[in-house]
Amino acid sequence: MNHLSNQQMFCFQCEQTAGCSGCTGAAGVCGKKADTAKLQDELTGALIGLARSTEGNMHLLTEATDDLVIEGLFTTITNVNFNNETITALIQRIEDEKNRIVPGCTACGAPCGRNNDYDMQELWQADEDIRSLKSLILFGIRGMAAYAYHANVLGYRDQEVNRFFYKALYAVGTKDWGMDELLPIVLEVGEVNLKCMELLDRANTQTYGNPVPTQVPLMVEKGPFIVISGHDLYDLKQLLEQTKDLGINIYTHGEMLPAHGYPELKKYAHLKGNFGTAWQNQQKEFADIPAPVVFTTNCLMPPKASYADRVFTTEMVSYPEIVHIEDLDSSRHKDFTPVIKKALELGGYERDMAFTGINGGDHVMTGFGREAVLSVSDTVIAAVKSGALKHFFLVGGCDGARAGRNYYTEFVKQTPADTVILTLACGKYRFNDLDLGTIGGLPRIMDMGQCNDAYSAIRVALALADAFDCGVNELPLSMVLSWYEQKAVCILLTLLHLGIQNILLGPTLPAFLSPNVLNFLVEHYQIAPIDTPENDIKKLLG
């Protein structure tokens, strides 16, 4: 790692990083090439330089500055941007903004160094504990930036959230801070991310209504259709509006599945169902579908030649030679005409096509947000008090390609019949088509939504703790989480900020956790790696 050539990279921010230690060759496991990885490092270094320039100049910041920082961080999330051209353009925008704030610095004959861009090699080659803590901060705010971005698109902003990005970036670029200075900021990432998730929850529910339980078919009707993936509900709403009278059906994919539960999106009759499973299966699932696919956020995998002409990107997602749907104005309005033309040209299937989930199911349920769950809280509380409902398991998080993730399928299958599984994010595709029956009139598997809807799960847990007059850690509730990328990092830090203990994490522990930092998490929060489903269920119910 300390002697990388110009043709090599270093990246260990995702779960599938090479050898569980770091991607260091000509390309990462995700498909990101070394030159792109280095540009993303340069982009991060420029953001740190921008954050440095704001010291004493916070009065000069504008909404455009905040948006630029959020876009820059979002761009560096795993499986978002593979395009050197767009990354280079973003770096230049950041440099231009820094020059606006400190206009004399670039031409200064005696530079003070206070506003310099940061060389990320200093981070990658730092003491392992410092590198670990700074990585937790950096990767956490990258995930949080995605949530802030989606909230901002809907007109919801939080000054405290936006200002924290500068503070966190500044901390990553410091040279003389140790664990005593960095650890509080790591935990502050979790605190601020809670506010950010609340902001996005409010943006989504006030714009589209509170989700309601909804059965979603896993089939595609004959005729033209479009598949939309990612997290951005506003992009989906615009696509639905622009296709509503054209005989084109819309199907969700990946993290877009929970859209079916929102009343303002459910009212579109041509929002038909869900196609495919989690992100890591896209190269197989998209190989021969007669329809275009729109990526609104991660997780994009490098498209294979067999279907690359049918892939479209938007927002911060970008890939060389793939058509990008640009914003038309500052309100993020878009024209999806190229996607619509492609759908009509391809024509879809000639007959209804039935697909199934990983376990053979023909439908899934979604829409169990906090309002839906808390509306039946009396039933839930009574079932717990009577002993009919013994335990809650929150089994959720990211899916991924690494072997061993069938653990989550087997875990859910083996949970006792008097328990409930709450789930969220794309990890649920491992088991959300299972029929485990009901308990107290409720399905035993309840999908609470996207990864950011961890906020709903937190609110439900806090409400139950209030009802039972106990702490969250005293509830019959266990968290069994899977991680892949940086949004999982900021959610984990939020759970730690709330003092939640005994979390099981898998399928592997993050490569960026040094032994000392990991020991701190184990000692203070009792975080543990997953074992076998049998052993873990026995331990959690013991």
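Everything numeric here is computed off the predicted structure, so don't read it as measured data.
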Step through the shown structure and confirm whether more than 12 heavy atoms of other residues, nucleotides or ligands are within 6.0 Å of CG on Asn535.
yes
Pair Lys538 + Glu534: basic N to acidic O under 4.0 Å
no
Can you tell if the side chain of Ile445 reaches within under 4.5 Å of the side chain of Met365, non-hydrogen atoms only?
no
Give the intermediate values and the outcome of side chain to side chain contact (heavy atoms under 4.5 Å, CB included) for residues Ile250 and Tyr268.
CA-CA 9 Å; Ile250 306 299; Tyr268 291 92; over 6 Å; no
Please tell me if the side chains of Lys413 and Asn359 come closer than 4.5 Å, counting only heavy atoms from C-beta onward.
yes
Less than 4.5 Å apart, any side-chain heavy atom of Leu504 and any of Phe393?
no
List the steps, then state whether ring-ring contact (aromatic ring centres under 6.0 Å, His included) holds for Phe225 with Tyr349.
CA-CA 9 Å; Phe225 68 99; Tyr349 292 111; 5.6 Å; yes
Output the distance between atom OH (Tyr408) and atom CD1 (Ile358), rounded to the nearest 0.5 Å.
14.0 Å
Got a salt bridge between Glu255 and Lys487, using NZ or NE/NH1/NH2 to carboxylate O under 4.0 Å?
no
Does Ser132 use its side chain to pair, donor to acceptor, with the backbone of Phe512 at less than 3.5 Å?
yes
Report yes if the side chains of Val460 and Phe392 come closer than 4.5 Å at any heavy-atom pair, otherwise no.
no
Verdict with supporting geometry, Glu241 and Lys237, salt bridge (Lys or Arg N to Asp or Glu O under 4.0 Å)
CA-CA 6 Å; Glu241 274 293 316; Lys237 174 69 180 297; 5.3 Å; no
Pair Tyr429, Asn274 - check side chain to side chain contact (heavy atoms under 4.5 Å, CB included), show working.
CA-CA 11 Å; Tyr429 282 104; Asn274 190 74; 3.4 Å; yes
Main-chain N/O of Phe164 paired to Glu188 side chain as donor or acceptor, under 3.5 Å
no
With a 3.5 Å distance limit and no angle check, can you tell me whether Trp279 reaches the backbone of Met301 through a side-chain donor-acceptor pair?
no
Between CZ of Phe275 and NE2 of His253, what distance do you get to the nearest 0.5 Å?
7.5 Å
Within the 4.5 Å heavy-atom criterion, are Met256 and Leu233 side-chain neighbours or not?
yes
Can you see whether Ser514 engages Asp129 through a side-chain donor-acceptor pair at a distance of less than 3.5 angstrom?
yes
What is the distance from atom CG of Asp447 to atom CG of Asn432, rounded to the nearest 0.5 Å?
6.5 Å
Can you check whether Pro302's main-chain N or O pairs, donor with acceptor, with Gln283's side chain at less than 3.5 Å?
yes
Could you tell me whether the side chain of His150 reaches within less than 4.5 Å of the side chain of Asn452, counting heavy atoms only?
no
So, taking the atom named CG in Leu422 and the one named CG in Leu477, what distance separates them when rounded to the nearest 0.5 Å?
7.5 Å
Around Asn516, counting heavy atoms of other residues, nucleotides and ligands shown, do more than 12 lie under 6.0 Å from its CG?
yes
For the atom pair OH (Tyr484) and CG (Asp399), what is the distance rounded to the nearest 0.5 Å?
10.5 Å
Donor-acceptor pair, side chain of Asp433 and main chain of Gly360, under 3.5 angstrom:
yes
Any side-chain donor-acceptor pair under 3.5 Å between Ser135 and Gln13?
no
Is there side-chain contact between Thr297 and Met316, with heavy atoms separated by less than 4.5 Å?
no
Presence of salt bridge, Arg459 and Asp201, under 4.0 angstrom
no
Counting the benzene-type ring for Trp, do His231 and Tyr149 have ring centres under 6.0 Å apart?
no
Output for pair (His497 NE2, Cys490 SG), nearest 0.5 Å, gives 13.0 Å
Would you check if the side chain of Thr17 reaches a backbone N or O of Cys23 as a donor-acceptor pair within less than 3.5 Å?
yes
Run the side chain to side chain donor-acceptor pair (under 3.5 Å) test on Thr494 and Asn193 for me, step by step, so that the C-alpha distance in whole Å, both residues' side-chain angles and the decisive distance to 0.1 Å come before the verdict.
CA-CA 6 Å; Thr494 292; Asn193 184 59; 3.0 Å; yes
I'd like to check Val212 versus Thr214 (side-chain heavy atoms, cut-off strictly below 4.5 Å). Are they in contact?
yes
Take Val472 and Leu498 through the test side chain to side chain contact (heavy atoms under 4.5 Å, CB included) and record every step on the way to the result.
CA-CA 9 Å; Val472 172; Leu498 292 169; over 6 Å; no
Working for side chain to side chain contact (heavy atoms under 4.5 Å, CB included), residues Lys539 and Asp531:
CA-CA 10 Å; Lys539 177 173 67 175; Asp531 186 6; 5.8 Å; no
